[in-house]
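Model, not experiment: these values are computed from the prediction. Atoms within a ligand are numbered from 1 in the order they appear, just like the ligands themselves.
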Amino acid sequence: MANSIIRLIDVTFAYPNGTTILKNFSLTMLPGEAWAVIGPSGCGKSTLLYLMAGLYQPSGGQLLVDGQPLSRPRPKTGLILQDYGLLPWSTVQDNIALGLDIRRFYGPDGKHAPIGEPLPNRLSQVNYWLKRLGIDHLAHHYPNQISGGQRQRTAIARTLVLNPDVLLMDEPFGALDALTREGLQRLILELRSEGHLTTVIVTHSIEEAVYLGQKILLLPFISANLGGCVIVDNSKAGSADYRQTADFFFNCNRLREILETL
Ligand code: ADP
């Protein structure tokens, strides 16, 4: 398919110890789509996401992102993890600028290469995302001085400042309290509506999958997973008030029923 953003064609993946996670697995994601991946713990959700991120390589088949075979992480793909991954010795502002600074100051070999001044618009880009995520008052705080939700906002800003076209998220809000989690889920919807961002969120929460995933990929236990999966269409997802609608409850129940049969 010419305009796919992520395409897996007959992908097989096994860990070195022989644990096979995917076998002849095919999937196509189109630009701008919002996907959720759900399934029991250990079924391979994170493995699939790390394959899409280019952190793992398929042992068979082909994985294309934006039409190109993926042999390593790609600059236009953002990855957000549950544990935020912030540098504890850097302020919120400097954590957000991290990717921009690496792009500017480090050569392809990873060695420090002072090749010039920081990007002229570095500060304005960082300031934009500080404000956009409502953490501008925390710019000079360190990660241990802010809450979990504020750390995750910092991690999201650090990713978005690099202007990704694909945003991969691995249980990004799992450690947060319910209201903070809902606030960040709404934020993801807003960000999607503002740009042409393809989002993929791995979650173990049925409600989160239904709220954020216009397409929901259900992965069963590994033993049943090899080659098989279910895709549920959830095209009403995407509006902030979907959570309060009868459709939302109906679709959560439908997803629960399907999960129980896998
Ligand atoms: P999920 O995200 O659905 O919880 P994972 O993708 O993390 O599942 O893991 C899928 C399976 O692969 C699990 O059985 C896990 O134990 C196994 N696994 C994960 N990482 C490794 C590894 N580095 N080596 C061997 N097996 C692994």
Between Asn17 and ligand 1, find which residue part has any heavy-atom pair under 4.0 Å and reply side chain, backbone, both or neither. side chain

Gly39 near ligand 1, heavy-atom distance under 4.0 Å? no

Numbered atoms and elements of ligand 1 in range of Lys45, under 4.0 angstrom, heavy atoms: 1 (P), 2 (O), 3 (O), 4 (O), 6 (O), 8 (O)

Set out, in order, the CA-CA distance, both residues' side-chain angles and the distance that settles side chain to side chain donor-acceptor pair (under 3.5 Å) for Asn95 and Thr154, then state yes or no. CA-CA 7 Å; Asn95 265 288; Thr154 305; over 6 Å; no

Does the pair Asp136/Arg153 count as a salt bridge with the N-to-O cut at 4.0 Å? no

Is a side-chain donor-acceptor pair under 3.5 Å present for Asn121 with Ser124? no

At a 4.0 Å threshold, what atoms of ligand 1 neighbour a non-hydrogen atom of Gly44? 1 (P), 3 (O), 5 (P), 6 (O), 8 (O), 10 (C)

Contact region, Ile21 to ligand 1, non-hydrogen atoms below 4.0 Å, reads side chain

Do any nitrogen or oxygen atoms of Thr19 lie less than 3.5 angstrom from nitrogen or oxygen atoms of ligand 1? no

Geometric N/O contact Thr47 with ligand 1, under 3.5 angstrom: yes

Is Arg243 close enough and on-axis enough to Tyr211, meaning under 6.0 Å and within 45°, for cation-pi? yes

Has Glu257 got a side-chain atom pairing as donor or acceptor with Arg254's backbone, closer than 3.5 angstrom? no

Please state which option from Tyr15, Tyr50, Phe13 has its nearest heavy atom closest to atom 18 (N) of ligand 1. Tyr15

Which ligand 1 atoms, with their elements, are less than 4.0 angstrom from a heavy-atom of Ser41? 4 (O)

Assert yes or no for the condition that the ring centre distance of Phe13 to Phe25 is strictly below 6.0 Å. no

Pair Glu194 + Arg132: basic N to acidic O under 4.0 Å: yes

